[in-house]
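By convention in this document, chain letters (A, B, ...) are assigned in the order of the sequence lines, proteins followed by strands, and residues within each chain are numbered from 1. Note: hydrogens, waters and symmetry copies are ignored here, and every other heavy atom, side chains too, is used.
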Amino acid sequence: MLRYYIGWFMIIQMIPNFHLNAGNPMDNINVLKKKNIDTDGEPSLQNALEMARSSLIHVPAHGSREILIIMGSLTSCDPGDINETIDNLVSENIRVSIVGLAAEVQICKLMCKKTKGTYGVVLNEAHFKDLLFEIIPPPPVSIVKSKSELVVMGFPRGVNESMPSLCACHSKPVSGGYICARCNSKICDLPTDCPICELTLVSSPHLARSYHHLFPVANFEEVPWSSAFTTHCYSCQMPFQTQPQVVKGRSNNVTSIDSSGRYNCPKCKKHFCIECDTFIHEVIHNCPGCLSTSENST
Amino acid sequence: MKFFIGNLPIYFPYDKIYPEQYSYMVDLKKAIDAGGHCLLEMPSGTGKTVSLLSLIVAIQANYKEKRKLIYCSRTVPEIEKALAELRNLIEYRTKCGEKDEYLGIGLTSRKNLCINSSVNQEKWGKVVDARCRNLTASWIREKSKLYSPGEVPLCNFYEKMENDNERQRMLIPDGVYTLEELREYGKEQGHCPYYMARRTIPFANAVIYSYHYLLDPKVAELVSKELSKDCIVVFDEAHNIDNVCIESLSIDITKPNLDASAKSIAKLRDVIEDIKKKDSQRLRDEYDKLVEGLMAASQERDEDVYLSNPILPEDLSHEAVPGNIRQAEHFVAFLRRFVEYLKTRMRAQQVVAESPMSFLQNCREVTLIERQPLRFCSQRLTSLVRTLELSDLNDYYALHKVAAFATLVATYEAGFMLILEPFENDTIPNPIFHYACLDASIAIKPIFRRFKTVVITSGTLSPLDMYPKILNFQAAVQESYSMTLTRNCFLPLVVTRGSDQVAISSKFEVRNDPAVVRNFGQILVEFSKIVPDGIVAFFPSYLYMESIVAMWNDMGILNEAWKHKLIFVETPDAAETSLALENYRKACDNGRGAILLSVARGKVSEGIDFDHNYGRAVIMFGVPYQYTESRILKARLEFLRENYRIRESDFLTFDAMRHAAQCVGRVLRGKTDYGLMIFSDKRFARADKRNKLPRWLNQFITDACTNLSTDMALVTAKKFLRTMAQPFERDQLGVWSVEDVERQERSNVGVGGRAAQFN
């Protein structure tokens with residue numbers, strides 16, 4: 001499972017002037033830098049969406065299809081009925097997220113709601129960055145549509161040749177690159193589809209990186225004192241606090257420590273301290289408790 | 001939630017209550033307990049209707065005397081909304097275990113209620129009424145008994161209802177019916193919903209209908225006659241109630257009206273001749289009845305009364321109809337003479353304004369028509385129509401108007417004025433005879449006198465002391481409420497000058513000054529750039545709107561605005577306007593954005609809501625003063641000054657500001673909504689204008705947003721729109737739960753309660 005296609009469409013003042021859906025971030029950034037030139041004419045949300053839709057339509061069902069629009073305009077001159085386009089997007093499971101630069105436009109709000117995307121309007125530049133970066137982590141896979149489907153994938157071998165040879169993707173001589181696992185053609189960057197045999201090529205870190213976004217670790221729940229029977233954190237083995245003795249007449253102090261400092265993974269029911277909880281959710285994206293139990297069971 | 005105000009248990013169908021809703025209920029209860037009238041101002045969209053209904057239903061359920069609720073609203077959708085709210089409340093009460101037997105019913109015109117497919121296809125209300133009458137009038141039903149079934153068309157729904165009614169069956173079980181449900185129920189039972197509703201009014205606990213059923217004597221007589229004294233009468237959205245009162249007693253007669261009546265008179269004469277030959281007995285019966293007195297003659301079923309009297313019931317004379325119009329042919333000749341007289345009067349070349357007295361005098365001198373028979377014109381015509389068993393009453397509409405005119409002129413003197421305007425706009429000959437009522441208190445006086453409690457409420461009633469003056473009543477409670485908001489969801493901006501610092505105003509002297517027009521245009525263009533979706537712009541009058549739009553077109557301002565939004569214009573034509581509105585909404589929905597140019601006193605400014613994306617900003621171009629050159633207005637101002645000591649300028653400002661408040665209030669229909677309110681005229685910055693705005697609006701007009709230039713306003717507006725676009729956290733700040741209400745209630749009774757303990 002890989003989120004290797006992001007349709008990024010930008011409308012700044014007019015027609016959709018660029019779309020980039022290469023899996024490689026560098027390519028996208030290059031296109032953005034190159035094409036971000038003066039725009040004119042009337043903006044059309046529908047044109048942009050239709051164009052994005054047509055290029056996302058080839059994306060296999062296991063990938064997430066998303067459109068991100070950064071919209072400065074408050075109006076959209078459409079050739080047809082935009083609601084039809086929205087319905088099509090909904091039926092094709094394409095998610096549209098919009099960052100508005102000026103004010104809330106009803107159709108955008110409606111569209112994001114229908115396609116389960118997010119809609120935000122920026123207050124200032126910092127807020128703009130926040131909103132944009134919030135969209136970057138891919139959405140978790142919904143259970144309904146994730147029918148298990150096998151995808152043929154190649155894990156190409158990285159090479160570093162002393163003599164540059166032509167790559168299959170740009171027909172330019174390069175010295176470094178990857179060799180397709182099936183047809184042995186040379187590609188510059190991952191992830192991509194092999195231009196010769198159309199095999200999906202990824203590297204294992206890509207897979208690993210996207211995995212935790214697709215299946216995020218569920219939020220841990222705070223454990224009340226009544227069930228705080230563990231003594232050590234499951235992951236770091238640091239001892240937990242013990243329940244303070246209720247001293248009669250000094251009940252004021254007791255109420256001040258009302259959390260047990262234990263956090264419970266809803267799946268494996270192991271208890272963790274607050275530091276590990278944050279570390280698990282923000283850095284490693286895997287629950288040690290779940291991983292160890294699944295190993296034991298298999 | 002359930003809580004107590006005093007000893008009264010109140011069920012409120014929501015978990016939380018706003019403080020202003022609570023104080024609204026407390027004040028309302030005070031007024032009802034005191035048996036007085038009250039005047040309450042609370043912004044719409046904040047749950048005014050539900051607070052009102054919960055309190056009144058609680059009173060109905062807990063007080064010994066069973067008081068009926070008469071709730072008058074302005075438009076059919078508003079009636080529908082109030083009914084739905086009432087049903088919701090009753091359902092909630094039943095869920096809480098209260099066993100009320102509650103019947104709530106709404107009434108509207110036949111056009112909206114009729115389920116007879118042969119009749120309800122008609123477009124015009126009047127035609128539907130006439131067609132309905134052709135199927136249900138008593139003589140037609142009599143006639144059908146003589147012929148074989150099917151030969152005389154009758155309304156099946158009505159017939160079935162009549163049969164069931166005779167068998168003493170309850171027409172409709174308890175419950176609250178919205179208009180649509182009433183139709184459904186009627187279809188199910190095969191009963192006519194319109195007559196079913198009318199028949200149930202005497203038994204219903206709550207009746208919700210339009211103002212006119214209570215205020216307009218022509219309909220009130222039929223519908224609201226049997227209401228008892230202790231009804232609680234509520235006028236919702238009542239900021240225009242004085243105009244409704246005045247309109248219900250005013251009549252305009254035009255030249256085509258007179259021509260049509262002359263034709264109808266000729267037709268009447270033919271019918272009389274005809275009947276004389278065939279069935280002279282009928283006419284003689286009528287004559288005898290009239291000799292005995294008209295009251296006896298009018299003991300007829302209400303379905304037969306098609307056109308009733310235009311004057312108030314208490315002004316009705318109880319004498320017998322004067323001798324010279326008792327004979328049918330004499331009466332017709334009398335009418336013809338009167339119509340001819342009016343025709344000659346219309347030939348005048350200059351404007352005539354005279355009192356009804358002098359009109360009558362002149363009439364007597366020229367045509368020898370006395371006042372007394374004129375007074376009975378309308379009654380006599382109704383009686384004649386009934387005797388002749390006329391169908392197709394639509395043809396006699398104009399004649400009835402003339403008869404009503406005659407009756408009104410001969411009945412009322414003080415507070416009325418006759419104005420003949422021979423030209424439209426001083427050039428086009430189109431003579432109109434206005435019989436103008438100047439005193440709003442005349443029509444509403446019987447209501448105040450008849451009912452113990454009359455509640456007048458609306459979103460915009462400020463300044464509150466004006467209404468008691470012009471309607472001539474004493475309010476036991478008059479109160480204006482502020483608005484509790486979780487966020488400042490509207491931003492009033494007073495723009496007094498353009499970006500070039502030229503003061504802007506719609507004052508007559510400068511209104512066509514290119515600098516002012518350009519600055520107005522600049523405001524429109526600039527705001528169309530920064531405001532998403534819909535903008536509604538209001539002008540003081542159609543005339544001014546036309547001239548300013550033409551000038552904008554020449555200046556290229558419209559082209560500029562077109563880049564950002566589509567432009568729609570309201571016109572006096574209702575069909576055109578509704579088409580424009582429909583497309584306007586479409587443009588707001590699909591992201592194109594639109595501007596609606598409309599008029600402060602037009603259809604759009606009243607009763608059409610621009611909630612959420614349909615109105616993110618409303619711009620008032622100029623102060624919406626009335627057209628002060630209007631002769632009717634001048635007469636009314638003079639009357640108000642002489643009789644109620646209201647200065648002309650005070651009344652004009654009051655009227656302008658209530659319309660302005662009404663217009664800007666269109667964008668805010670609830671607390672989750674948000675919108676900009678832009679007052680662009682330098683006069684709005686003056687304190688005497690501003691303090692006439694409602695309190696909930698005034699509380700948000702800060703010094704920082706008054707006296708702005710266009711560019712300053714734009715900066716503030718941009719910031720506001722960004723802030724409002726942020727996700728709305730529904731923190732329940734300023735909302736009360738049951739405990740808060742109880743605490744408040746304790747502190748209210750605290751003083752009194754302690755005093756009682758010491759005693």
Side-chain angles (χ1 to χ4, degrees), chain A residues 11 13-14 39-50 69-87 89 96-115 117-128 130-131 134, chain B residues 487 489-491 524-535 559-568 583-595 610-617 667 669 672-676 714-729:
Chain A
I11 305 178
Q13 259 303 312
M14 58 159 297
T39 53
D40 62 291
E42 285 176 331
S44 165
L45 207 51
Q46 196 194 12
N47 281 343
L49 289 170
E50 283 296 343
I69 299 172
I70 297 171
M71 190 160 157
S73 168
L74 290 175
T75 171
S76 156
C77 296
D78 300 325
D81 186 1
I82 193 165
N83 291 305
E84 278 173 23
T85 309
I86 296 177
D87 291 342
L89 291 171
V96 185
S97 296
I98 301 178
V99 178
L101 299 180
E104 183 186 78
V105 181
Q106 186 70 16
I107 190 76
C108 298
K109 199 174 163 189
L110 182 92
M111 180 161 62
C112 293
K113 200 175 158 205
K114 273 192 176 170
T115 59
T118 58
Y119 181 46
V121 175
V122 303
L123 286 170
N124 46 44
E125 276 187 38
H127 189 229
F128 174 54
D130 289 349
L131 283 178
E134 262 171 37
Chain B
R487 53 175 190 172
C489 63
F490 62 94
L491 177 71
L524 188 76
V525 171
E526 292 301 327
F527 276 97
S528 74
K529 279 183 193 162
I530 65 157
V531 176
D533 301 328
I535 296 181
N559 281 332
E560 190 67 25
W562 250 312
K563 280 185 195 155
H564 306 282
K565 295 201 187 305
L566 301 179
I567 299 175
F568 297 95
N583 285 318
Y584 169 80
R585 283 174 196 272
K586 216 191 224 166
C588 290
D589 274 334
N590 67 18
R592 180 66 183 92
I595 299 170
F610 296 99
D611 50 342
H612 297 100
N613 61 321
Y614 299 124
R616 282 295 178 216
V667 294
R669 312 316 285 179
T672 54
D673 200 0
Y674 68 87
L676 284 163
L714 281 171
V715 175
T716 328
K718 265 187 199 165
K719 199 164 149 245
F720 170 78
L721 287 170
R722 278 175 204 271
T723 324
M724 283 300 126
Q726 301 313 312
F728 177 39
E729 285 128 31

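- Looking at B/Lys529, the atoms closer than 4.5 Å to chain A (heavy atoms on both sides) all sit in the backbone: N, CA, C or O.
- Around NZ of B/Lys718, the count of heavy atoms belonging to other residues, nucleotides or ligands within 6.0 Å does not exceed 12.
- For A/Leu110, no part lies near chain B; criterion is any non-hydrogen pair under 4.5 Å.
- B/Arg616 and B/Asp611 are not joined by a salt bridge, as no carboxylate oxygen comes within less than 4.0 angstrom of a charged side-chain nitrogen.
- Donor-acceptor pairing under 3.5 Å is recorded for the side chains of A/Glu104 and B/Tyr674.
- Considering A/Glu50, A/Gln46, A/Glu42 as possible partners of A/Asp78, the one that fulfils the side-chain contact (heavy atoms from CB on, under 4.5 Å) test is A/Gln46.
- In this structure, chain B has a heavy atom under 4.5 Å from the side chain of A/Ile82, while its backbone stays farther away.
- Contact count versus chain A (heavy atoms, under 4.5 Å) is highest, among B/Met724, B/His564, B/His612, for B/His564.
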